[in-house]
Each structure stands twice: as C-alpha cells, then as structure tokens.
Amino acid sequence: QVQLVESGGGLVQAGGSLSLSCAPSGRTFSRFAMGWFRQAPGKEREIVARITWSIGNTYYTDSVKGRFTISKDNAKDTVYLQMDSLKPEDTAVYYCAASVGISPPLPIANYDYWGQGTQVTVSS
C-alpha cells in the first residue's frame, strides 16, 4: 500500500507564503499525476492543483491561479505546492493525492492514494 506523507503546513499571516511537500514513504510507485486538494471545515474537499508526473502539465483551480505553484522533483519523488499571497479563505487541511491511471484532474474518484493531510491556517 502506498502511503503519501505531506509536510510544511502551519500558521501564516494573510499575504504570506507557505510551501508544502509530499512524497511516498517507503517504496516509490508508478503514477500518472499528483495533486493537491484542500478541505475547510464544513466544506467538501476541493482540488487545488495537479501536475502530470511525466510531462509536468499543470492544472489549477481558479481561486489559486497566479498565487499557487505546483511543481515536482522526479528524482526526489516529491511534489510541492508553493503558496504565495495567502488569504484567510485558503485556510484548510491540505491533502496530497496520486492517480495511477491516465485521467483528468477531476473527479476526486480519479485519485488512488491519499496523504493524511496537513493544516494550513491563514490569519487575517
């Protein structure tokens, strides 16, 4: 079973930056893409960004375009999410996920493996 481990969450003031990273613990695995999702209290889990593992095509939800950047390091088997110009509405638990088969960014069911999540809190 693949386990994804996120790191880098925390508390930051509005306008600040945070960087998240995610890598599998233990063995590597073949994947088509990796994505970042978030879930705020009382809300459904939503996609933030996704990157295809081979070519590096990216997808962003509209609310983070121009502020967040997803990237990967295949050698380190790690996906990153650089979050700049953070807003209080970005506060959520952020999850890393991986899709094995070729698939579009959504729906969420396209993702086979998930991390445990890391809390990001943006204060106003």
Side-chain angles (χ1 to χ4, degrees):
Q1 180 71 10
V2 173
Q3 290 186 318
L4 300 176
V5 180
E6 304 100 336
S7 62
L11 172 65
V12 66
Q13 289 188 331
S17 298
L18 279 176
S19 181
L20 306 181
S21 62
C22 170
S25 65
R27 66 179 180 89
T28 187
F29 66 103
S30 178
R31 75 215 74 166
F32 173 70
M34 294 193 72
W36 287 98
F37 291 75
R38 66 186 179 186
Q39 188 166 18
K43 295 188 176 181
E44 292 187 353
R45 191 170 299 189
E46 64 172 354
I47 191 168
V48 175
R50 188 195 82 159
I51 188 166
T52 59
W53 203 246
S54 177
I55 299 177
N57 290 335
T58 58
Y59 166 91
Y60 297 93
T61 195
D62 286 346
S63 62
V64 307
K65 286 179 180 177
R67 301 190 298 122
F68 291 11
T69 303
I70 189 170
S71 62
K72 62 183 178 69
D73 186 330
N74 292 63
K76 294 183 179 179
D77 212 7
T78 301
V79 63
Y80 304 95
L81 185 68
Q82 177 64 37
M83 304 183 291
D84 299 318
S85 302
L86 282 160
K87 304 175 181 180
E89 51 263 44
D90 294 317
T91 295
V93 177
Y94 283 69
Y95 297 90
C96 169
S99 59
V100 174
I102 298 174
S103 58
L106 290 172
I108 287 181
N110 289 341
Y111 296 83
D112 304 281
Y113 303 115
W114 291 84
Q116 292 299 308
T118 185
Q119 177 70 45
V120 171
T121 303
V122 184
S123 63
S124 57

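Keep in mind that the numbers below use all heavy atoms, side chains included, and drop hydrogens, waters and symmetry copies.
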When every non-hydrogen atom of Gly9 is compared with those of Val120, the smallest separation belongs to CA-CG2, 4.2 Å

Contact summary for Val79 and Ile51, nearest pair of heavy atoms: CG2-CG2, 4.0 Å

Between Ile70 and Trp36, the two heavy atoms sitting closest are CD1-CD1, 3.7 Å

I'd like to know if the side chain of Glu46 reaches the main chain of Arg38, judged simply by a donor and an acceptor atom lying under 3.5 Å from each other, with no hydrogens or angles considered. no

Rounded to the nearest 0.5 Å, what separation is found between the CZ atom of Phe68 and the CG atom of Leu86? 5.0 Å

Under a 4.0 Å threshold between the charged nitrogen and the carboxylate oxygen, would Lys65 count as salt-bridged to Asp62? yes

Are the side chain of Lys72 and the backbone of Gly56 linked by a donor-acceptor contact shorter than 3.5 Å? no

How long is the straight-line distance from OH of Tyr60 back to CG of Leu81, given to the nearest 0.5 Å? 7.5 Å

Using the side chain to side chain contact (heavy atoms under 4.5 Å, CB included) definition, which of the options Pro88, Ser124, Ser123 pairs with Gln13? Ser123

Find out whether Glu6 and Tyr94 are in side-chain contact, i.e. whether some heavy atom of one side chain is under 4.5 Å from a heavy atom of the other. no

Can you tell me if Gln3 uses its side chain to pair, donor with acceptor, with the backbone of Ser25 under 3.5 Å? no

Verify the cluster assignment for Ile47 and Phe32: are they in a single hydrophobic cluster under the rule of side-chain heavy atoms below 4.5 Å apart? no

What side-chain hydrogen bond (donor to acceptor under 3.5 Å, both in side chains) pairs are there with at least one residue in residues 100-118, not counting sequence neighbours? none

So which heavy atom on Leu18 is nearest to which on Gly8, and how close? CD2-O, 4.0 Å

Quick one: does Glu44's side chain get under 4.5 Å of Ile108's, heavy atoms only? no

Given side chains that start at C-beta, do those of Leu20 and Met83 come closer than 4.5 Å, heavy atoms only? yes

Closest non-hydrogen atom pair, Lys87 against Val122: O-CB, 3.3 Å

Could you grab the distance from atom OG1 of Thr91 to atom CD of Gln119, nearest 0.5 Å is fine? 7.0 Å

Of all the heavy-atom pairs spanning Asp77 and Trp53, show the shortest one and how long it is. OD1-CZ2, 3.8 Å

Does CD in Gln39 sit with more than 12 non-hydrogen atoms of other residues, nucleotides or ligands closer than 6.0 Å? yes

Check whether any side-chain heavy atom of Leu106 sits under 4.5 Å from a side-chain heavy atom of Tyr59, and report yes or no. yes

Without swapping roles, check the side chain of Ser19 against the backbone of Gln82 for a donor-acceptor pair under 3.5 Å. no

Are any of the side-chain heavy atoms of Asn57 and Arg50 separated by less than 4.5 Å? no

